Amino acid sequence: MESSNKPLRILQIGMSTNYGGTEAFLMNLYKNIDRNKYQFDFLNVYDEPIACQKEIESLGGHIYNLHLRRREDGLKKYKKGIKDFYNMHTFDIVSQNVQDLINIDMLKYAHRKGVPTIIHSHNSNYGMRNRLLTKLSILKNKLLIRKYVDKFLSCSKTSGLFTYGKRIKPLFVLNGIEVKNFVFKEEVRKKIRNEFNIDKEV
């Protein structure tokens, strides 16, 4: 059997319409991976473009629109929407980036389709809202998540403990930076000093 030269397609879930920490991490990673081997696609669950959408598309990524409105459409239609999505589209891996475990349904249905799944925690103190249903949903998913996820990632020990609890030991993936953007440059130093009228001897 001949090996395919096509890159592995990884669906990234968790990209919002605002460029924040998670979005910065994903884009830094996306721009620096070997896209001949790995290609990111992104899920958009909003009514407007996600952050960096045009740049994603210029790099070869696809944007998949899936509007999941459990309350408006009803639970039955909500579940059918996810099932239909995975029946229509094929991915090699599904990766969800989370702030908490309020919703892991995309991972659950990917697992049921036999697709390898990854979850990546990006937060250490968010999501435990006052609403009882929200707290119960997070607790339920924390207990069930090992059934649906193959690899657990976290940006720190604290975020891993917050999101997964003590029973799961995630792999720590530190937030990388573009080192070249922080290299000292004399011309930049002079420009900033002149701009703020800073004494040369300071």
Side-chain angles (χ1 to χ4, degrees), residues 7-35 37-46 50-52 56 59 61 64 66 68 82 86 91-131 133-179 181-182:
L8 285 176
R9 300 210 75 94
I10 304 171
L11 178 66
Q12 294 287 356
I13 301 170
M15 195 81 158
S16 75
T17 58
N18 299 312
Y19 188 79
T22 299
E23 290 75 19
F25 170 83
L26 286 173
M27 290 307 297
N28 283 336
L29 182 63
Y30 186 32
K31 288 185 284 189
N32 286 283
I33 60 173
D34 185 346
R35 291 189 296 279
K37 296 181 179 179
Y38 310 99
Q39 182 58 252
F40 286 0
D41 297 321
F42 293 82
L43 189 71
N44 182 0
V45 298
Y46 304 97
I50 58 174
C52 307
I56 289 168
L59 294 171
Y64 292 94
L66 178 61
L68 301 176
I82 299 177
Y86 283 124
F91 307 99
D92 297 297
I93 299 171
V94 171
S95 176
Q96 183 165 344
N97 301 271
V98 300
Q99 310 302 323
D100 55 45
L101 294 184
I102 191 171
N103 192 323
I104 58 170
D105 290 337
M106 291 299 296
L107 293 176
K108 182 189 299 184
Y109 284 94
H111 173 80
R112 290 176 179 175
K113 291 286 290 185
V115 182
T117 56
I118 298 171
I119 190 167
H120 191 165
S121 169
H122 293 271
N123 231 329
S124 61
N125 187 21
Y126 177 81
M128 299 304 290
R129 306 172 183 88
N130 293 326
R131 293 187 59 201
L133 286 178
T134 299
K135 291 183 177 182
L136 290 175
S137 179
I138 292 173
L139 177 60
K140 176 186 174 183
N141 289 334
K142 188 173 289 189
L143 294 172
L144 296 177
I145 194 170
R146 288 191 295 181
K147 292 176 58 177
Y148 308 119
V149 174
D150 297 300
K151 295 292 182 181
F152 293 86
L153 308 180
S154 172
C155 66
S156 69
K157 182 177 180 179
T158 306
S159 67
L161 185 63
F162 167 76
T163 305
Y164 310 127
K166 296 180 179 180
R167 297 190 304 165
I168 294 173
K169 306 298 181 184
L171 173 67
F172 299 144
V173 179
L174 303 181
N175 295 337
I177 62 171
E178 288 277 9
V179 177
N181 293 338
F182 298 91

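Numbers here are sequence positions counted from 1. The basis for the numbers below is simple: all heavy atoms, side chains too, and nothing from hydrogens, waters or symmetry mates. Keep in mind that what you see is a predicted model, and the values were worked out from it rather than measured.
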Please list every donor-acceptor pair under 3.5 Å in which a side-chain atom of residues 145-152 meets a protein atom from a residue at least two apart or in another chain.
residue	atom	partner	partner atom	Å
D150	OD2	T117	N	2.8
D150	OD2	T117	OG1	3.4

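With a 6.0 Å radius and a threshold of 12 heavy atoms from other residues, nucleotides or ligands, Y38 has its OH atom at or below the threshold.
Closest approach of F91 and V115 over heavy atoms only: O-CG1, 3.7 Å. A pairwise comparison of heavy atoms in Y86 and V94 identifies OH-CG1, 3.7 Å as the closest pair. Scanning both residues, T22 and G14, for their nearest heavy atoms gives CG2-O, 4.3 Å. For the pair M15 and C52, the tightest heavy-atom approach, listed with the atom from each and the gap, is CE-CB, 4.4 Å. Considering every non-hydrogen atom in both Q96 and N103, the closest pair reads NE2-O, 2.9 Å.
Qualifying side chain to side chain donor-acceptor pair (under 3.5 Å) partners for N32, counting only residues two or more places apart in sequence or in other chains: E178. The side chain to side chain donor-acceptor pair (under 3.5 Å) check on H122 picks up N97, with sequence neighbours excluded. Under the side-chain contact (heavy atoms from CB on, under 4.5 Å) criterion, S156 pairs with T158, S159, not counting sequence neighbours. With sequence neighbours excluded, the residues satisfying side chain to side chain donor-acceptor pair (under 3.5 Å) with N44 are N65. By the side-chain contact (heavy atoms from CB on, under 4.5 Å) test, S137 is found to be paired with I102, N141, residues two or more places apart in sequence or in another chain being considered. In this structure, the side chain to side chain donor-acceptor pair (under 3.5 Å) partners of K113, at least two apart in sequence or on a different chain, are N87. Every side-chain contact (heavy atoms from CB on, under 4.5 Å) that F172 has, sequence neighbours left out, goes to S154, K157, P170. Residues passing the salt bridge (Lys or Arg N to Asp or Glu O under 4.0 Å) test with K169, sequence neighbours excluded: none. Remark: N18 pairs with S16 by the side-chain contact (heavy atoms from CB on, under 4.5 Å) rule, at least two apart or across chains. Residues satisfying the ring pair (Phe, Tyr, Trp, His ring centres under 6.0 Å) criterion with Y30, sequence neighbours excluded, are F40, F42.
Atoms CG and CG, from L101 and L107 in turn, are 9.5 Å apart once rounded to the nearest 0.5 Å. Summarising the geometry, atom CG belonging to N125 is positioned 11.5 Å from atom CD belonging to Q99; distances are rounded to the nearest 0.5 Å. Here S95 contributes atom OG and L26 contributes atom CG; the two are 7.5 Å apart, rounded to the nearest 0.5 Å.
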Requested in this report: Could you go through the side chain to side chain contact (heavy atoms under 4.5 Å, CB included) check for M106 and L66 one step at a time?
Outcome: CA-CA 11 Å; M106 291 299 296; L66 178 61; 3.9 Å; yes
Report task. Could you walk me through whether T134 and D100 pass the side chain to side chain contact (heavy atoms under 4.5 Å, CB included) test, one step at a time? Result -> CA-CA 10 Å; T134 299; D100 55 45; over 6 Å; no
Report task. Check step by step if side chain to side chain contact (heavy atoms under 4.5 Å, CB included) holds for I168 and K142. Result -> CA-CA 10 Å; I168 294 173; K142 188 173 289 189; over 6 Å; no
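The salt bridge (Lys or Arg N to Asp or Glu O under 4.0 Å) pairs that include a residue from residues 9-29 are R9-D41, where partners are two or more places apart or lie in different chains.
If you run side chain to side chain contact (heavy atoms under 4.5 Å, CB included) between H120 and each of V98, T163, L153, L171, only L153 comes through.
Residues K166 and L161 form a side-chain contact, since some pair of their non-hydrogen atoms from C-beta on lies under 4.5 Å apart.
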